[in-house]
Structures are given as C-alpha cells and as structure tokens.
Amino acid sequence: MKTYEHIIELENIMNEHEKKLDELNDLLAYFTEHFDEYKRLIEYYYYSEQRNQDLYDDELHLIPSDLPRGILSEDGVFNFSNEYYESGIRMIEIGLKMIKSK
C-alpha cells in the first residue's frame, strides 16, 4: 500500500508559509504606513537643530534623568538606521528569490 506522507508534509509547508506570508504582509503594511515616522526620526537625528539643542540641554542636565534618551545617543539611531537599510536590502534579495521561484 502506497503512503502519502509527502502530501501531509507539503500541506504543512504550504500552511506554514501562508501563515508567515500573512504575518509578513501585516509587517509590510506597518512599515508602509509608518515610513514617514522613520523619515522624521532620521531628520531629527542627522539634520535638526532641535537635536543639537536637546544634546546641549542633556549636557546641562536639564532633561529629567528618568526620561529615555536613546535618540540622543551616538550609536542608537545610527545602528537602527543601518539595520533598517540592511533589512531593506534583505527584502529585495528575498523578494527576487520569491519571484524567480515561480
């Protein structure tokens, strides 16, 4: 008698991929809808006079010590923006694999 284990295995693969594609599409929608927030973050960190003033105020201990200040760190936004960039490249590479596999 012939077994059809491969059908069960492939069905599971398809179901898991469908689930992950739904999650991915939700994430892509989030990043699409919130891209202006990311641009605002980059604008603040690299180009705004407000950040310079905030850094100065922080040096003078005018900003409350219990206020989160990762945005003022030298590495926080730099590392985050690099990860954002690398994730974009990765999405392009994976997207090309997905397109070419059809």
Side-chain angles (χ1 to χ4, degrees):
M1 183 155 126
K2 193 170 185 180
T3 64
Y4 294 96
E5 293 295 322
H6 65 283
I7 292 176
I8 295 169
E9 179 184 357
L10 294 170
E11 183 72 20
N12 289 335
I13 290 170
M14 183 176 71
N15 291 337
E16 186 65 19
H17 278 247
E18 284 178 337
K19 177 182 162 192
K20 294 300 180 183
L21 276 174
D22 287 343
E23 293 172 13
L24 175 61
N25 284 318
D26 289 344
L27 285 170
L28 291 173
Y30 173 87
F31 283 105
T32 299
E33 292 168 15
H34 296 271
F35 187 72
D36 286 343
E37 294 172 349
Y38 173 75
K39 290 188 329 190
R40 183 175 166 218
L41 173 70
I42 297 304
E43 178 69 29
Y44 170 82
Y45 185 79
Y46 286 106
Y47 308 110
S48 77
E49 286 301 317
Q50 181 64 58
R51 181 171 184 271
N52 293 334
Q53 182 62 53
D54 293 342
L55 287 169
Y56 182 71
D57 289 353
D58 194 40
E59 288 176 15
L60 296 177
H61 304 288
L62 298 174
I63 298 176
S65 61
D66 62 341
L67 189 71
R69 55 180 32 78
I71 191 70
L72 299 178
S73 72
E74 288 187 30
D75 295 334
V77 174
F78 177 79
N79 291 340
F80 172 70
S81 66
N82 281 341
E83 185 175 349
Y84 204 90
Y85 173 84
E86 292 296 326
S87 294
I89 297 293
R90 190 168 171 216
M91 283 189 287
I92 291 169
E93 291 171 348
I94 292 169
L96 286 173
K97 283 183 182 180
M98 292 169 79
I99 292 167
K100 289 180 178 181
S101 70
K102 186 167 181 172

Roughly how far, to the nearest 0.5 Å, is the CD1 atom of I7 from the CE atom of M14? 11.5 Å
Under the salt bridge (charged side-chain N to carboxylate O under 4.0 Å, His left out) criterion, do D22 and K19 qualify, and how do the steps go? CA-CA 5 Å; D22 287 343; K19 177 182 162 192; over 6 Å; no
Distance (rounded to the nearest 0.5 Å) between I92 CD1 and K97 NZ: 14.0 Å
Could you state whether L67 and L72 fall into the same hydrophobic cluster, counting links through intermediate Ile, Leu, Val, Met, Phe, Trp or Tyr residues with side-chain heavy atoms under 4.5 angstrom apart? yes
CG on D54 to CG on L62, rounded to 0.5 Å: 10.5 Å
Distance, nearest 0.5 Å, that separates CG of D36 from CD of E43: 12.0 Å
Just checking, any donor-acceptor pair under 3.5 angstrom between side chains of E86 and N82? no
When rounded to the nearest 0.5 Å, the distance separating CG of L10 from CD of E5 is 11.0 Å
Does atom CD of E23 have more than 12 heavy-atom neighbours from other groups under 6.0 Å away? yes
Taking the six-membered ring for Trp and the single ring otherwise, decide whether the centroids of Y84 and F80 are under 6.0 Å apart. yes
Rounded to the nearest 0.5 Å, how far does CG of L21 lie from CG of L24? 6.5 Å
Consider only side-chain heavy atoms of I, L, V, M, F, W and Y, link residues closer than 4.5 Å, and tell whether Y47 and Y44 are in one cluster. yes
With sequence neighbours left out, write down each residue that passes side-chain hydrogen bond (donor to acceptor under 3.5 Å, both in side chains) with E93, or none if nothing qualifies. none
Can you name the closest pair of heavy atoms from R51 and I71 and give their distance? NE-O, 3.5 Å
Quick one: does any side-chain atom of N15 pair with a main-chain N or O of E11 as donor and acceptor, under 3.5 Å? yes
Using every non-hydrogen atom in the two residues, find where S73 and G76 come nearest and quote the distance to one decimal. OG-N, 2.9 Å
With a sphere of 6.0 Å drawn around CE of M98, does it hold more than 12 non-hydrogen atoms of other residues, nucleotides or ligands? no
In terms of hydrophobic clusters joined by side-chain contacts under 4.5 Å, are F31 and I94 together? no
Is it the case that one hydrophobic cluster holds both F35 and L41, taking links as side-chain heavy atoms less than 4.5 Å apart, direct or via other members? yes
Quick check on the hydrophobic clustering: are L27 and Y85 connected, directly or via other members, by side-chain heavy-atom contacts under 4.5 Å? no
Checking S81 against Y45 for the side-chain contact (heavy atoms from CB on, under 4.5 Å) test, could you report, in this order, the C-alpha distance in whole Å, the side-chain angles of both residues, the deciding distance, and whether it holds? CA-CA 10 Å; S81 66; Y45 185 79; over 6 Å; no
Exceeds 12 heavy-atom contacts within 6.0 angstrom, atom CZ of R40: no
Please determine, by modelled atom types, if Q53 and D57 share a side-chain donor-acceptor pair under 3.5 angstrom. yes
